[in-house]
Amino acid sequence: MATIKVKKTKDIGLGSLSFVLCLLGILFTFEFGDKSCMGDHILHAIGLSSWSNGDSGIHYTVFYSAIFFIPSFIIGHI
């Protein structure tokens, strides 16, 4: 009589990448109290501006976080 093996674990795949990208997008826009968001600190560390006019205007962090969110939703939908 043949035995049947059941695989109880699932390999890390494309869906896991979607979850990681979504977490990165959330962390990029997360604020701690009155301080600026984490994305602002990251952009400042690599030498990019997070606002179009110094501390006002268009907040570029929203667009940079979309770089993480959009692929995350596309991959998650697949």
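Note: hydrogens, waters and symmetry copies are ignored here, and every other heavy atom, side chains too, is used. Numbering of residues begins at 1 and proceeds along the displayed sequence. None of the values given here were measured: they were computed from a predicted structure.
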On a heavy-atom basis, the closest approach of P71 and A66 is CD-O, 3.8 Å
Worksheet item: Can you hop from F63 to I46 via hydrophobic side chains spaced under 4.5 Å?
Response: yes
message: Hydrophobic clusters here meaning ILVMFWY residues chained together by side-chain heavy-atom distances under 4.5 Å, can you tell me if V62 and L21 are in one?
response: no
Rounded to the nearest 0.5 angstrom, the NE2-CD1 distance for H77 and I75 is 13.0 Å
Would you say that more than 12 heavy atoms from the other residues, nucleotides or ligands in this model lie under 6.0 Å from the NE2 of H41, or not? yes
Checklist line | Minimum side-chain heavy-atom gap F69-C22 below 4.5 Å | finding: yes
dist E31:CD -> S36:OG (nearest 0.5 Å) comes out at 7.5 Å
| task | Is it possible for you to say whether L24 and I67 belong to one hydrophobic cluster, with membership spreading through side-chain heavy-atom contacts below 4.5 Å? | result | yes
Heavy-atom side-chain proximity of C37 to T29 below 4.5 angstrom
no
Value for CD1 (I58) from CG (N53), rounded to nearest 0.5 Å, stands at 8.0 Å
(Q) Taking L17 as the starting point, is it possible to reach L23 by hopping between hydrophobic residues whose side chains are less than 4.5 Å apart? (A) no
query: When clusters are formed by joining ILVMFWY residues with side-chain heavy atoms under 4.5 Å apart, either directly or through shared neighbours, do I26 and V20 land in the same one?
result: no
Between the OG atom in S56 and the CH2 atom in W51, the distance rounded to the nearest 0.5 Å is 7.5 Å
Here the side chain to side chain donor-acceptor pair (under 3.5 Å) pairs for residues 58-71, sequence neighbours left out, are D40-H59, D40-T61, H59-T61
